[in-house]
Amino acid sequence: MDLPGHSTGSTLRGTLVRCAVLAALGLALAELGSGIAVILAFFAVYFLAAEPLARLRTRTLLVAAALSPVLGPVLSYVLGPYFGHRVSGRGRYPGFEAVTSRPGFLDALDTLLLSGAYPWLTYFPYVLVGMALGRVVDLRGPGTAVRLVGWGALATAAGHGLSALALGPGGGRGALLRAVAESHPAAVAAPDPVQAVLASQAGAIPSTSWAWLLVDGPYSQTPFETVANTGAGVLLLGLAVAAARSGPLHALMRPLAAVGTMGLSVYAVHVLARAELRPQHGWAALGAFCLVSLVACALWDRAFRGTRGRGPLEWLLHVLVRAVTPKRAAEPAGPAGEERSSPAPTGP
């Protein structure tokens, strides 16, 4: 469904430019060896996949968003063995080998779509849920904050609670320990064999027992973890809406809003700082980086008001997109400082 006055071709060109920049930057940052599983190349895949889905009817998008937290992880589990990931091999992220050879490119596709640290198959559900919320939730409406907090808390509790029941009284942990003994002998002697297996591939589950789909650990990419994470995100969104409507809190949120408009720049600087400075892990290092980010973004916002709230990388991306997108297809800048070329239809 096309909207009057908006060019689908222009929208696609803008999206392709954004995706190309994110992918190139992600591959470059991954080469720095910062110890961070750089997500930007994965983001490029998400945005490219979201482009045609933005034109779905609201009802269809809601159904896709509701089913994806289960279908994505289940498909990942089923397809894993066919691509050599039955026991291990998950949790990776691509580097420049993705563009230097055909085998490297094919391996990068596997990583980005199925087996990586943030693969499309199991992380795109978050994008779909966000798109669906954008259709049906009016953040300015009365009672929105309370509903978001309530539904978010319920989903979070459901994800973690049902996982605990399935692993405990449901017998899931026993099945996992048997799978570890049969397929992951190196982890048997660990204090927690299940966590040892997950830690070996950045949290992602292997395809050695259907019971792995019952866990809810960090980065495990299971239905329960996806539902719980989505709920936490919705809950935080509700709290942010409530804070934005509160007089005193609204003023305190301004520095955070400045950081929010420069997320890409802050992320890139974070990776560079980790790679070059090698700071110690812990709350002190995290607190220092957060403080520097808040101050730097506030200063940039004050010094370069002509960028309309965009950070340096956001401004460059904006310029590149404008170069390929006619003015009539452009809209006012969104919260990330980028243009949105074609709003999604809101009708059912």
Side-chain angles (χ1 to χ4, degrees), residues 15 18-19 22-23 26 36-56 58 60-77 79 90-94 111-137 139 147-160 162-163 198 202-205 213 215-241 260 263-264 266-267 334-336 338 340 344:
T15 299
R18 291 186 179 95
C19 292
L22 287 174
I36 295 174
V38 179
I39 197 174
L40 296 182
F42 297 94
F43 271 167
V45 175
Y46 305 162
F47 294 157
L48 191 61
E51 172 64 29
L53 297 183
R55 295 175 179 80
L56 291 177
T58 298
T60 305
L61 183 60
L62 288 171
V63 171
L67 295 177
S68 62
V70 174
L71 289 181
V74 169
L75 281 174
S76 176
Y77 178 90
L79 293 175
R90 297 182 186 262
R92 304 170 299 160
Y93 50 96
T111 300
L112 291 169
L113 299 177
L114 174 64
S115 64
Y118 314 101
W120 171 80
L121 200 55
T122 50
Y123 276 79
F124 194 63
Y126 298 117
V127 179
L128 282 174
V129 172
M131 293 170 67
L133 284 176
R135 294 280 189 90
V136 300
V137 176
L139 296 182
R147 287 193 294 272
L148 289 174
V149 169
W151 283 109
L154 181 61
T156 303
H160 291 308
L162 291 175
S163 173
L198 295 177
I205 62 169
L213 289 167
V215 306
D216 64 341
Y219 305 104
S220 56
Q221 304 174 29
T222 66
F224 289 132
E225 192 225 3
T226 304
V227 169
N229 287 349
T230 301
V234 172
L235 188 155
L236 289 173
L237 178 61
L239 292 176
V241 171
L264 181 60
V266 172
Y267 185 85
E338 298 177 12
R340 296 182 300 171

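Note that this is a predicted model, so its numbers are computed, not measured.
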Backbone of Gly152 reached by a side-chain donor or acceptor of Thr156 within 3.5 Å = yes
query = Atom CG of Leu71 and atom OG1 of Thr122: how far apart are they, to the nearest 0.5 Å?
reply = 12.5 Å
remark   = Taking every heavy atom of Gly231 against every heavy atom of Ala155, the minimum-distance pair comes out as CA-CB, 3.7 Å
key: From Thr15 atom OG1 to Leu48 atom CG, the distance as rounded to the nearest 0.5 Å   = 7.5 Å
request  = Could you pull out the closest heavy-atom pair between Gly116 and Gln221, with the gap in Å?
outcome  = O-NE2, 3.6 Å
query = Roughly how far apart are Leu133 CG and Leu62 CG, rounded to 0.5 Å?
reply = 9.0 Å
message = Is it true that, when you exclude Tyr219 itself, more than 12 heavy atoms of the residues, nucleotides or ligands shown sit nearer than 6.0 Å to its OH?
response = no
Nearest-0.5 Å distance that lies between atom OG1 in Thr111 and atom CZ in Arg90 = 11.0 Å
task = Looking only at non-hydrogen atoms, find the nearest pair between Leu22 and Ala44 and report the distance.
result = CB-CB, 4.2 Å
ask   = What is the distance from atom CG of Leu112 to atom CG of Leu121, rounded to the nearest 0.5 Å?
value = 12.5 Å
query = Do you know which two heavy atoms are closest between Ala50 and Val127, and how far apart they sit?
reply = CB-CG1, 4.3 Å
message = With a 4.5 Å cut-off on side-chain heavy atoms, are Val38 and Tyr267 touching?
response = yes
remark   = Smallest heavy-atom separation, Ala228 atom then His160 atom, equals CB-NE2, 3.5 Å
task = Kindly indicate whether the side chain of Leu162, heavy atoms from C-beta on, has any atom under 4.5 Å from the side chain of Asp216.
result = no
key: Euclidean distance, Arg92 CZ relative to Leu114 CG, rounded to 0.5 Å   = 9.0 Å
request  = Could you check if a side-chain atom of Val215 sits within less than 4.5 angstrom of a side-chain atom of Phe224, using non-hydrogen atoms only?
outcome  = no
Minimum-distance pair of heavy atoms, taken over all atoms of Arg135 and Leu56 = NH2-O, 2.9 Å
ask   = Counting N and O atoms only, with roles assigned by atom type, does the side chain of Ser76 sit under 3.5 Å from a partner on the main chain of Gly72, one being a donor and the other an acceptor?
value = no
task = State, yes or no, whether a side-chain contact exists between Trp151 and Leu154 at a heavy-atom distance under 4.5 Å.
result = yes
ask   = Which word best sums up how the rings of Phe42 and Tyr46 line up, parallel for under 30°, tilted for 30 to 60°, or perpendicular for over 60°?
value = tilted
query = Under the criterion side-chain contact (heavy atoms from CB on, under 4.5 Å), which of Pro69, Ser220, Ser68 is the partner of Thr226?
reply = Pro69
